[in-house]
Amino acid sequence: MNPVLDENPLVQSRLAKLEQWKKQGIYPFGQRFERTHLAADAEQEYSRLEASQGPEQAAHQLQVALAGRIVSFRAHGKASFAHLQDRSGRIQLYGRLNELGEQGYQDFQKLDLGDIIGVRGRLFRTHRGEITVQVDSFQLLSKSLRPLPEKWHGLKDVELRYRQRYLDLIVNPEVRQVFVTRSRIIASIREFLTARGFLEVETPSLHPIAGGANARPFKTHHNALDMDLYLRIAPELYLKRLIVAGLEKVFEIGKNFRNEGISIKHNPEYTSMELYQAYADYNDMMAITEELMATVAEKVRGTLKIQYQGTEIDLAPPWPRVPMLEALERYAGVRAAMLADDEAARSTAARLRVDLPPNATRGQVINELFERFVEPKLIQPVFITDYPVEISPLAKRKHSDPSLTDRFEPYIYGREMANGFSELNDPLDQRQRFEAQLAARQRGDEEAHMMDEDYLTALEYGMPPTGGLGIGVDRWVMLLTDSASIRDVILFPHMRLREESEGEEAPG
RNA sequence: GGGCCAUUAGCUCAGGUGGUAGAGCACCGGACUUUUAAUCCGGGUGUCCCGGGUUCGAGUCCCGGAUGGCUCACCA
């Protein structure tokens with residue numbers, strides 16, 4: 001990434017060619033070009049022609065106009081081969097002196113890897129069997145001034161791949177495939193939900209109060225209003241206002257922003273899908289979760305048995321439902337009796353050498369023990385249910401045990417994939433929960449909720465019993481594209497700013 | 001933020017114990033009208049991440065810093 005364009009000799013030679021084109025009266029950053037085919041369509045149509053008319057008859061019959069980037073070039077004296085890449089793939093070009101003429105062929109040889117051209121020609125099949133465009137004419141549509149990464153090894157440097165994703169996408173076809181799959185996943189989600197009567201909505205990203213999740217927000221400022229705002233950490237509380245409004249079935253796919261660490265599983269901005277359904281509960285949400293995830297997997301992978309990082313995951317519903325306390329006993333040997341109250345829970349944690357704040361509640365202990373001992377073991381899809389009320393400030397209490405909630409999270413490959421519950425619609429209980437969160441905040445928990453009076457007002461008008469669900473789309477895409485890092489499924493993952501090369505920091 | 005590792009040509013990478021920087025691709029010049037990682041002949045194009053230090057001499061050793069990867073902590 002040399003900011004000074006003309007220092008690099010490779011760039012120098014391309015700039016020289018640029019001048020040559022200009023001298024010939026050809027502006028090297030051209031106009032629109034009318035294509036007749038994409039590379040893949042041209043190949044397909046030619047194959048059909050061969051099948052119907054026979055290979056000899058088909059040759060040089062099909063006229064095409066294609067456009068794309070030159071990604072390989074093999075000169076053979078008075079004839080040259082190249083590959084042209086467009087969004088559908090690559091097709092070979094064959095340019096000869098015979099068709100192009102003296103000047104045309106000279107120009108053809110002046111092309112550099114990376115140049116973007118439009119070609120017109122006729123298809124034929126070479127001796128080696130590759131469908132190829134015999135180029136009759138071409139025009140330079142955009143001159144490339146920088147050399148592309150290596151053609152055989154591609155671009156490996158992870159930092160360059162993320163920082164200059166366009167290069168990654170040009171030279172690494174499997175990367176392009178990941179993002180095509182990502183797009184298909186999101187399209188499938190929309191299709192699935194709209195077919196079931198859900199309304200897609202868009203709620204604000206700038207929140208006066210960051211709510212709907214336990215997370216640290218980014219802060220920003222509105223100048224004209226002279227008002228601090230937060231980038232949303234979840235759309236939840238706005239979507240539930242829409243349930244109060246009577247929209248009944250809504251969903252939103254969008255970005256959340258969390259001011260927290262970056263890791264293989266975390267990007268500061270990430271995509272979530274949240275849905276809310278009036279008159280439903282968390283059992284309905286589990287059903288919709290497994291059905292949605294299975295349907296999308298089937299659509300993009302063609303199977304419910306997918307490979308992830310060498311492990312087979314079977315997404316076929318129904319997935320088992322296991323209450324959290326039961327999971328703790330089954331996977332960690334911790335019985336519910338050992339977690340009877342705050343005191344007992346803390347001493348159990350101490351015995352298991354799990355560090356917790358001295359005033360940790362029973363719910364926090366349960367959550368901590370679960371994450372530590374159970375989560376990594378949940379490889380095949382499973383719903384963990386009945387989360388402690390202390391860590392679920394927006395979920396409805398269980399009828400049978402008010403210390404727990406009607407909440408679930410599906411786990412796959414040891415990862416939390418989603419979060420859903422029967423929504424708390426009792427405004428009085430909700431106020432108490434917020435107050436408990438405020439108390440936690442005062443004790444230094446920066447991720448605890450803020451008081452949201454406006455949301456409470458909405459609840460006070462009456463919200464129907466509602467099931468809600470949030471899915472982390474990026475992690476889902478990781479699973480379905482067998483990607484190890486969240487950065488491999490985000491086009492431009494967050495990267496630190498490069499240090500300016502001038503030595504601005506004081507020596508010693 | 002802590003720990004470990006990495007950073008050498010446009011790209012992919014080599015460079016025991018300190019002694020004038022290398023290969024493949026790409027690029028430049030030449031040959032070649034069905035090649036495909038084309039081939040053949042000739043050419044190395046460099047801020048060895050940055051800044052100090054040790055040394056007669058540093059890509060290599062020491063210190064500090066930057067960026068990235070993995071990992072731990074926090075989170076989805």
Side-chain angles (χ1 to χ4, degrees), chain A residues 1-2 4 7-14 16-17 59 71-83 90 92-100 105 112-114 124-130 132 134 144-164 167 170-172 213-216 233-234 256-274 355 368 371 409 411 415-419 445-447 470-476 478 484-487 493 495-508:
Chain A
M1 271 205 296
N2 186 350
V4 183
E7 263 183 9
N8 185 326
L10 276 63
V11 172
Q12 281 295 334
S13 107
R14 284 163 181 251
K17 284 183 184 168
V71 290
S72 73
F73 202 93
R74 296 174 293 284
H76 289 260
K78 297 184 178 62
S80 299
F81 290 93
H83 275 100
R90 294 179 172 191
Q92 183 165 255
L93 304 181
Y94 181 54
R96 286 198 311 182
L97 184 62
N98 311 35
E99 286 79 25
L100 290 167
Y105 188 65
D112 284 316
L113 294 189
F124 73 105
R125 199 180 275 276
T126 63
H127 292 160
R128 303 290 282 271
E130 180 164 351
T132 300
Q134 172 105 48
S144 171
L145 297 179
R146 293 182 186 268
L148 288 177
E150 214 252 4
K151 65 175 174 183
W152 188 242
H153 296 94
L155 185 64
K156 288 261 175 56
D157 185 307
V158 184
E159 184 176 352
L160 285 183
R161 286 186 45 225
Y162 296 153
R163 284 191 194 275
Q164 293 180 278
L167 292 179
I170 290 170
V171 301
N172 296 326
N214 292 90
R216 287 163 63 183
I233 56 175
N256 293 331
F257 306 86
R258 299 194 178 175
N259 206 341
E260 285 159 355
I262 295 174
S263 82
I264 200 166
K265 287 185 285 183
H266 301 86
N267 196 59
E269 55 180 296
Y270 70 98
T271 302
S272 77
M273 188 287 296
E274 287 200 10
D355 279 339
E368 191 65 34
E371 285 179 1
E409 291 191 349
Y411 281 85
R415 285 181 194 156
E416 182 187 339
M417 300 297 295
N419 182 18
D445 182 356
E446 288 184 71
E447 290 170 5
I471 298 183
V473 171
D474 310 273
R475 289 186 182 178
W476 193 3
M478 285 169 71
S485 167
I486 197 166
R487 294 176 159 191
M495 301 290 270
R496 210 179 289 252
L497 270 180
R498 281 267 207 198
E499 174 207 25
E500 291 305 315
S501 52
E502 307 314 313
E504 80 266 47
E505 71 251 320

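Fair warning: this is a prediction, and the values are worked out from it, not measured in the lab.
- Spacing of P atoms, rA73(B) relative to rG2(B), comes out at 16 Å, to the nearest Å.
- Within the 4.5 Å cutoff, no side-chain heavy atoms of Ile486(A) are placed close to those of Lys265(A).
- Residue Lys265(A) is in base contact, counting any heavy-atom pair closer than 4.0 Å across all strands shown.
- Between the C1' atoms of rG44(B) and rG29(B), the separation comes to 14 Å (whole Å).
- Nucleic acid contact class of Leu113(A) (heavy atoms, under 4.0 Å, all strands): sugar-phosphate only.
- Using a 4.0 Å cut-off, some side-chain N or O of Lys17(A) falls inside it from OP1 or OP2 of rC28(B).
- Under the Watson-Crick and G-U wobble criteria, each requiring two contacts below 3.5 Å, nucleotide rG46(B) is left unpaired.
- One finds no side-chain N or O of Arg163(A) lying less than 4.0 angstrom from the OP1 or OP2 phosphate oxygen of rU67(B).
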With sugar-phosphate taken as primed atoms, P, OP1 and OP2 and all else as base, the protein-contact string of nucleotides 32-38 of chain B at under 4.0 Å (heavy atoms; B, S, -) is BBBBBBB

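- Within 4.0 Å (heavy atoms only), Met495(A) reaches sugar-phosphate atoms of the nucleic acid but no base atom.
- In this entry the distance linking CD1 of Ile264(A) with P of rA73(B) reads 14 Å, nearest Å.
- Here the side chains of Leu167(A) and Leu160(A) are not in contact, with every heavy-atom distance at 4.5 Å or above.
- The nucleotide whose nearest atom lies closest to any side-chain atom of Ser13(A) is, among rC28(B), rU71(B), rU67(B), rC28(B).
- Across the C1' atoms, rC13(B) and rC50(B) are found 23 Å apart, a figure rounded to whole Å.
- Between the CG atom of Leu160(A) and the P atom of rU12(B) there is a distance of 6 Å, given to the nearest Å.
- Residues forming a salt bridge (Lys or Arg N to Asp or Glu O under 4.0 Å) with Glu99(A) (at least two apart in sequence, or on another chain): Arg96(A).
- Heavy atoms of Gly470(A) sit nowhere under 4.0 angstrom from any nucleic acid atom.
- In this structure, Gly472(A) reaches neither bases nor backbone, as no heavy-atom distance under 4.0 Å exists between it and the strands shown.
- Residue contacts shown for Leu10(A) include a base, since a base heavy atom lies under 4.0 Å away.
- Atom pair Glu274(A):CD and rA76(B):C1' shows a separation of 11 Å (rounding to whole Å applied).
- Comparing the same atom, P, in rG30(B) and in rC70(B) gives a spacing of 47 Å after rounding to whole Å.
- Across all strands shown, nothing is found opposite rU33(B) as a Watson-Crick or G-U wobble partner with both distances under 3.5 Å.
- Backbone-only engagement by Asp157(A) is indicated by non-hydrogen atom pairs under 4.0 Å involving sugar-phosphate atoms exclusively.
- Nucleotide rC70(B) forms a Watson-Crick or G-U wobble pair with rG3(B), both donor-acceptor distances falling under 3.5 Å.
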